Amino acid sequence: VTGLDLVEWQLRIAAGEALPLTQAQVKVQGHAIEARICAETPDNDFLPATGRLQVMRIPAAQSFTTGTVRWDSGVREGDEISPYYDSMIAKLIVHGDTREQALARLDQALSELHIVGVANNVGFLRQVVRSPSFAQAQLDTALIEREKHLLFHQHTLPLALAVASAMAHGLAKEAPRGNAWVDPWSHTDGWLIQGQSLRKFDYVCGQETGAAVLTRSSHGSTQLQIGDQTHALAWQVQGEAVQLQWGEQRLRAQVYAVKDQLHVFADVGSASVHFVNPLAHAAQGSAASGNLSAPMPGKLLSFAVKVGDRVKAGQALAVMEAMKMEHTVAAPADGTVAELLYAPGDQVHEGAPLLRLDAHGV
């Protein structure tokens, strides 16, 4: 907003030079907002996250210099976010003539920022930018708590459109390409010479599970049923870009396939969809009841108990550290400590059991 390099000023002053301008000579132009993109899980008390940046597509921006949209980062797609440093991935800075213009540019830039592979706060930041308090600059340290009903667990991309986009992306990959002959028996798109075919897709999207039914006729029409809604479905896919029409609803999205997840990004929001393979065995259940797992990858600092100790629900059992943050693991119920599975100083993965609590040994 001033066009001045304050770090350069600091170095010059440290070298004995005088301030180059007086306060009256400093002119402010427009409004700037900085969003810090972090590897963390806002919906889970902002616990830090680690992993590989499988996808990191950024908006058109300047880097390390002033501009309408600026992106300052020390990582790129394919890099690993480790537990040894803080959780910040990048700084996204926008500038506008007014605060309203800067807010709009920030929301647009965040919508164009696509990160897959590491949990992050991009969706949370979009909710902050759109919240009435932030938009009206009614800022204080209680904003997040006051606006929590607007900021957390928000699913701005309708589930049905997320599932339909992921499905269209997958179906496009099944279709034969070019004019080369392809063995028809290797096709998996469900085409029939006459009549119609039905395909059922069991999906998991966030905390939601369900089934979608795709009906395709031999003359080319396609119907998609999700929940109690059934509409004609049409789509075009080019690379990662999907244009979709489901009934009267339209969506343009980018879909990235990483392992068994399809990650859908659109202007209104994002979602991850997993289609369950009906031939696969059901996932194995969680560890035996009584195990307490690491809520994040990091270092085990200490245990507050030893084998044989009786503990009460809520009592502190262990302390972990990751990305300069400490997290206390508490007992979920009364019990007796049966086994400590790590030693202080060990690095542990997210979800790794730290100790075993015998709920029946009290």
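Remember, it's a predicted structure, so these values are computed and weren't measured experimentally. Counting from 1, the numbers follow the sequence of the chain as shown.
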Checking side-chain contact (heavy atoms from CB on, under 4.5 Å) for the pair Glu77/Arg57: CA distance, chi angles, key distance, verdict?
CA-CA 8 Å; Glu77 187 172 285; Arg57 306 294 165 82; 3.0 Å; yes

Does a sphere of radius 6.0 Å around CD in Gln138 hold more than 12 heavy atoms from other residues, nucleotides or ligands, not counting ones at 6.0 Å or beyond?
yes

Counting C-beta onward and ignoring hydrogens, is there a side-chain heavy-atom pair between Ile144 and Phe124 closer than 4.5 Å?
yes

Taking the side chain from Glu208 and the backbone from Cys205, do they hold a donor-acceptor pair closer than 3.5 Å?
no

Side-chain (His169) to main-chain (Val237) donor-acceptor, under 3.5 angstrom:
no

Give me the atom names and distance for the closest heavy-atom approach of Met167 to Ala212.
CE-CB, 3.6 Å

Nearest 0.5 angstrom please: Glu326 CD to Ser302 OG, how far?
8.0 Å

Got a donor-acceptor contact below 3.5 angstrom from the Gln225 side chain to the Gly227 backbone?
yes

So do the side chains of Asn121 and Ile37 get within less than 4.5 Å of each other, counting heavy atoms only?
yes

Are Leu355 and Val307 in one and the same hydrophobic cluster, where Ile, Leu, Val, Met, Phe, Trp and Tyr link if side-chain heavy atoms are under 4.5 Å apart?
yes

For Arg250, look at atom CZ and say whether over 12 heavy atoms of other residues, nucleotides or ligands are found less than 6.0 Å away.
no

Hydrophobic cluster membership, with links at side-chain heavy-atom distances under 4.5 Å among I/L/V/M/F/W/Y: are Leu139 and Leu106 in one?
yes

Kindly indicate, with the supporting measurements, whether the criterion side-chain contact (heavy atoms from CB on, under 4.5 Å) is fulfilled by Leu251 and Trp246.
CA-CA 9 Å; Leu251 186 73; Trp246 186 50; over 6 Å; no

List for me each residue that meets side chain to side chain donor-acceptor pair (under 3.5 Å) alongside His95, sequence neighbours excluded, and say none if there are none.
none

Do Val116 and Gln261 have side chains that get closer than 4.5 Å, going by heavy atoms?
no

Set of side chain to side chain donor-acceptor pair (under 3.5 Å) partners for His114, sequence neighbours left out
Tyr256

The complete set of salt bridge (Lys or Arg N to Asp or Glu O under 4.0 Å) pairs with one or both residues in residues 85-94, sequence neighbours excluded, reads Asp86-Lys324

Rounded to the nearest 0.5 Å, the CG atom of Leu214 sits from the CZ atom of Phe201 at a distance of 5.5 Å

Between Cys38 and Met88, what is the shortest heavy-atom contact and its length?
SG-CA, 4.0 Å

Atom pair CD (Gln62) and OG1 (Thr68), whose distance is rounded to the nearest 0.5 Å
8.0 Å

Main chain of Trp71, side chain of Ser63: is a donor-acceptor contact present, judged purely on distance under 3.5 Å?
yes

Donor-acceptor contact below 3.5 Å, side chain Gln154 vs main chain His149
yes

Taking atom CD of Glu8 as the centre, report whether more than 12 heavy atoms of other residues, nucleotides or ligands fall under 6.0 Å from it.
yes

Report the residues that fulfil side chain to side chain donor-acceptor pair (under 3.5 Å) with Thr22, sequence neighbours left out, ordered by chain and then residue number.
Gln25

Quick check against the 3.5 Å criterion: does Thr41 have a side-chain atom that pairs as donor or acceptor with the backbone of Asp43?
no

Count I, L, V, M, F, W, Y as connected when their side-chain heavy atoms are under 4.5 Å apart, and connections chain through other members. Are Leu19 and Leu21 then in the same cluster?
yes

Looking only at the side chains, is there a donor atom on one of Glu147 and Ser133 sitting less than 3.5 Å from an acceptor on the other?
yes

Could you grab the distance from atom OH of Tyr342 to atom CZ of Phe303, nearest 0.5 Å is fine?
9.5 Å

Qualifying residues under side chain to side chain donor-acceptor pair (under 3.5 Å), relative to Asp72, sequence neighbours excluded:
Arg70

Judged by atom type as modelled, is there a donor-acceptor pair below 3.5 Å linking the side chain of Arg52 to the main-chain atoms of Gly78?
yes

State whether the side chain of Asp45 and the backbone N or O of Leu47 hold a donor-acceptor pair below 3.5 Å, judged by distance alone.
no

Does a side-chain heavy-atom distance below 4.5 Å link Met56 with Ile89?
yes

Give the minimum heavy-atom separation between Pro42 and Phe152, together with the two atoms involved.
O-CE2, 3.2 Å

Just one of Thr156, Leu150, Leu125, Leu103 clears the side chain to side chain contact (heavy atoms under 4.5 Å, CB included) bar with Arg130, so which one?
Thr156

Measure the shortest side-chain to side-chain distance between Val55 and Gln254 over non-hydrogen atoms and say whether it is less than 4.5 angstrom.
no

Taking side chain as C-beta onward, heavy atoms only, is Glu240 less than 4.5 Å from Phe265?
no

Is the count of non-hydrogen atoms from other residues, nucleotides or ligands lying under 6.0 Å from Glu17 atom CD greater than 12?
yes

Glu40 side, atom CD; Ile81 side, atom CD1 - distance, nearest 0.5 Å
12.0 Å

For His31 and Thr98: C-alpha separation, side-chain torsions, deciding distance, then whether side-chain hydrogen bond (donor to acceptor under 3.5 Å, both in side chains) applies.
CA-CA 6 Å; His31 197 98; Thr98 64; over 6 Å; no

Tightest non-hydrogen contact, residues Leu244 and Ala164, listed as CD2-CB, 3.7 Å

For residues 109-126, which residue pairs qualify under salt bridge (Lys or Arg N to Asp or Glu O under 4.0 Å), counting only residues two or more places apart or in two chains?
Asp107-Arg126

If we only count heavy atoms from C-beta on, is the Leu341 to Leu354 side-chain gap below 4.5 Å?
no

Are any of the side-chain heavy atoms of Thr336 and Arg310 separated by less than 4.5 Å?
yes

Establish whether Ile58 and Ile93 are linked, either directly or via other cluster members, by ILVMFWY side-chain heavy-atom contacts under 4.5 Å.
no

For Met320 versus Pro295, what's the shortest heavy-atom pair and its separation?
SD-CD, 3.9 Å

Ala166 versus Val273, closest heavy-atom pair with distance:
CB-CB, 3.9 Å

Should we count CZ of Arg12 as having more than 12 external heavy atoms under 6.0 Å?
no

Distance in Å, Asp346 CG paired with Leu301 CG, rounded so as to fall on 0.5 Å steps
11.0 Å

